[in-house]
Colleague: 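Sharing a structure below in structure tokens format, with a few things to ask.
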Amino acid sequence: MLPWGATEAHNYHLPYTTDCIQCDYVAAEAARKAWEAGARVMVLPTVPFGVDTGHLGITGVVNMRPSTQAAVLRDVAESLSHQGIDKLVVLNGHGGNNFKALIREVQVDVPDVFVCLAEWFRVGDPHRYFDEPGDHAGELETSVMLHVAPDLVRPLSEAGDGAARTFAVKALREDWAWAERHWPSVTADAGVGNPKAATAEKGAAYLEEVTTKLADLFADLAAADRDALYA
């Protein structure tokens, strides 16, 4: 399993490495559960940089181009291939990362390693746990961090309200058209979504579902026959 995060601002109350810290925890906890179920899962170090082209106007943000991500992913897959490891899960912890096209490229170059993608923040229905999950540094991410690394979370009284502007172009506010958001124009505090209702208990409950479902994925993949992946 290859966790992949980012280094970017998360409102005023969460650290820049929030995506990495969360991905580290989810990867390790899901692997622990899978290991206890009999699967042999290895967790690689989390890649700390992600695609942050829209955040470059914010001091301290580090951007990794998709082409660089493709090169890193290819090198990891090739290394595993030489060692006879033929299954790799990319565990994404950052919404700006988009691995589907990259995985397609890697599969051409390293066809003997099965590569798949899991995005932990898309597991389950967050509305079961959060009133307003938010898009970035909101109630969901803040609750997760309060459970995983509470000593790194500033008092919520210091957090911005996560108010965000949307595109003026109608089509870009809908699902069928897309453009990169320029974050300094979107939000004053680098957050999208109000974190004030966040609690550690909400984060723990949500992560229990997330890590259990991911553990099932890892166990199923570990037991799967590479030559019989389709039923």
Side-chain angles (χ1 to χ4, degrees), residues 1-8 10-11 13-48 50 87-100 114-156 159 162 191-224:
M1 189 193 334
L2 177 63
W4 207 306
T7 298
E8 62 178 12
H10 279 74
N11 204 314
H13 62 295
L14 297 182
Y16 272 58
T17 53
T18 288
D19 291 345
C20 303
I21 295 166
Q22 293 175 144
C23 222
D24 274 342
Y25 175 90
V26 170
E29 181 64 8
R32 181 189 68 79
K33 291 180 177 181
W35 191 273
E36 290 180 350
R40 296 297 174 256
V41 180
M42 178 173 67
V43 180
L44 296 169
T46 298
V47 180
K87 297 167 188 168
L88 173 64
V89 178
V90 179
L91 182 66
N92 185 27
H94 170 54
N97 293 335
N98 190 337
F99 287 104
K100 291 182 180 179
F114 174 77
V115 185
C116 73
L117 169 67
E119 298 185 304
W120 73 262
F121 49 87
R122 299 190 190 281
V123 176
D125 179 9
H127 291 281
R128 291 177 53 201
Y129 304 93
F130 310 104
D131 298 326
E132 298 179 20
D135 182 35
H136 190 255
E139 184 184 345
L140 187 157
E141 279 199 297
T142 302
S143 294
V144 167
M145 287 295 288
L146 284 169
H147 172 62
V148 172
D151 55 319
L152 297 180
V153 180
R154 300 290 300 169
L156 294 186
V192 177
N194 196 330
K196 296 301 174 66
T199 67
E201 291 74 20
K202 291 178 182 178
Y206 178 56
L207 287 180
E208 178 64 25
E209 178 182 1
V210 168
T211 56
T212 297
K213 288 187 174 180
L214 284 172
D216 290 342
L217 166 65
F218 302 150
D220 288 345
L221 281 175

Colleague: Once you round to the nearest 0.5 Å, how far does CG of Asp125 lie from CZ of Arg128?
Modeller: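 It is 7.0 Å, given to the nearest 0.5 Å.
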
Colleague: Nearest 0.5 Å, please: how far is CG in Leu207 from CD in Gln22?
Modeller: 8.0 Å

Colleague: Run the ring pair (Phe, Tyr, Trp, His ring centres under 6.0 Å) test against Tyr129 and tell me which residues pass, sequence neighbours left out.
Modeller: Tyr206

Colleague: For the residue pair His10 and Pro15, what are the closest heavy atoms and their distance?
Modeller: ND1-O, 3.8 Å

Colleague: Let me confirm one number: the OH-OG1 distance from Tyr25 to Thr46, rounded to the nearest 0.5 Å.
Modeller: 14.0 Å

Colleague: Not counting sequence neighbours, which residues clear side chain to side chain contact (heavy atoms under 4.5 Å, CB included) with Ala219? List them please.
Modeller: Ala39

Colleague: Mind listing the closest non-hydrogen atom pair of Glu209 and Val123 along with its distance?
Modeller: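 The answer is O-CG1, 4.5 Å.
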
Colleague: Mark yes or no for whether Thr7, through its side chain, and Tyr16, through its backbone, hold a donor-acceptor pair below 3.5 Å.
Modeller: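 Between the backbone of Tyr16 and the side chain of Thr7 there is no qualifying donor-acceptor contact (under 3.5 Å).
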
Colleague: Between Leu221 and Cys116, what is the shortest heavy-atom contact and its length?
Modeller: CD1-SG, 3.7 Å

Colleague: Check side chain to side chain contact (heavy atoms under 4.5 Å, CB included) between Leu117 and all other residues, then give those that pass, not counting sequence neighbours.
Modeller: Val90, Asn92, Phe99, Lys100, Ile103, Glu119

Colleague: Please tabulate, for the side chains in residues 194-201, all donor-acceptor contacts under 3.5 angstrom to protein atoms that are two or more places apart in sequence or on a different chain.
Modeller:
{"residue": "Asn194", "atom": "OD1", "partner": "Lys196", "partner atom": "N", "Å": "3.0"}
{"residue": "Thr199", "atom": "OG1", "partner": "Lys202", "partner atom": "N", "Å": "3.1"}

Colleague: Taking only residues two or more places apart in sequence or in another chain, which ones pass side chain to side chain contact (heavy atoms under 4.5 Å, CB included) with Pro155?
Modeller: Ser157, Glu158

Colleague: What do the steps show when you test Leu44 against Trp4 for side chain to side chain contact (heavy atoms under 4.5 Å, CB included), and what is the final call?
Modeller: CA-CA 10 Å; Leu44 296 169; Trp4 207 306; over 6 Å; no

Colleague: Measure the CD1-CG distance between Ile21 and Leu152 for me, rounded to the nearest 0.5 Å.
Modeller: 5.0 Å

Colleague: Assess the residue pair Asn11 and His136 against the criterion (side chain to side chain donor-acceptor pair (under 3.5 Å)); give the C-alpha distance rounded to whole Å, side-chain angles, the decisive distance to 0.1 Å, and a yes or no.
Modeller: CA-CA 8 Å; Asn11 204 314; His136 190 255; over 6 Å; no

Colleague: Could you go step by step and tell me if Phe218 and Met1 meet the side chain to side chain contact (heavy atoms under 4.5 Å, CB included) rule?
Modeller: CA-CA 9 Å; Phe218 302 150; Met1 189 193 334; 3.3 Å; yes

Colleague: Among pairs that include at least one residue of residues 27-37, which meet side chain to side chain donor-acceptor pair (under 3.5 Å), considering only residues two or more places apart or in two chains?
Modeller: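 Listed by first then second residue: Glu29-Arg32, Arg32-Glu36, Lys33-Glu208, Lys33-Thr211, Lys33-Thr212.
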
Colleague: Atom NE2 in His127, atom CG in Leu140: separation rounded to 0.5 Å?
Modeller: 9.5 Å

Colleague: Using the rule given for side chain to side chain contact (heavy atoms under 4.5 Å, CB included), can you reason through Ser143 versus Phe130, listing the C-alpha separation, both sets of side-chain angles and the distance that settles it, and then say yes or no?
Modeller: CA-CA 9 Å; Ser143 294; Phe130 310 104; 3.5 Å; yes

Colleague: Of the non-hydrogen atoms in Asn97 and Gly5, which two are nearest, and what is the gap between them?
Modeller: ND2-O, 3.4 Å

Colleague: Please step through side chain to side chain contact (heavy atoms under 4.5 Å, CB included) for the pair Val148 and Asp24, ending with a clear verdict.
Modeller: CA-CA 10 Å; Val148 172; Asp24 274 342; over 6 Å; no

Colleague: Heavy-atom distance under 4.5 Å between the side chains of Pro3 and Val43, does that happen here?
Modeller: yes

Colleague: What are the two closest heavy atoms between Cys23 and Trp120, and how far apart are they?
Modeller: SG-CD1, 4.3 Å

Colleague: Return the minimal non-hydrogen interatomic distance between Thr18 and Glu141, and the atom names on each side.
Modeller: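 Nearest pair, atom of Thr18 first, then Glu141: CG2-OE2, 3.9 Å.
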
Colleague: How many angstroms lie between CG in Leu91 and CG in Leu214, if you round to the nearest 0.5 Å?
Modeller: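 One gets 6.0 Å once the value is rounded to the nearest 0.5 Å.
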
Colleague: Aromatic contact between Phe121 and His94, with the criterion being ring centroids under 6.0 Å apart: yes or no?
Modeller: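 No, the ring centres sit 6.0 Å or more apart.
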
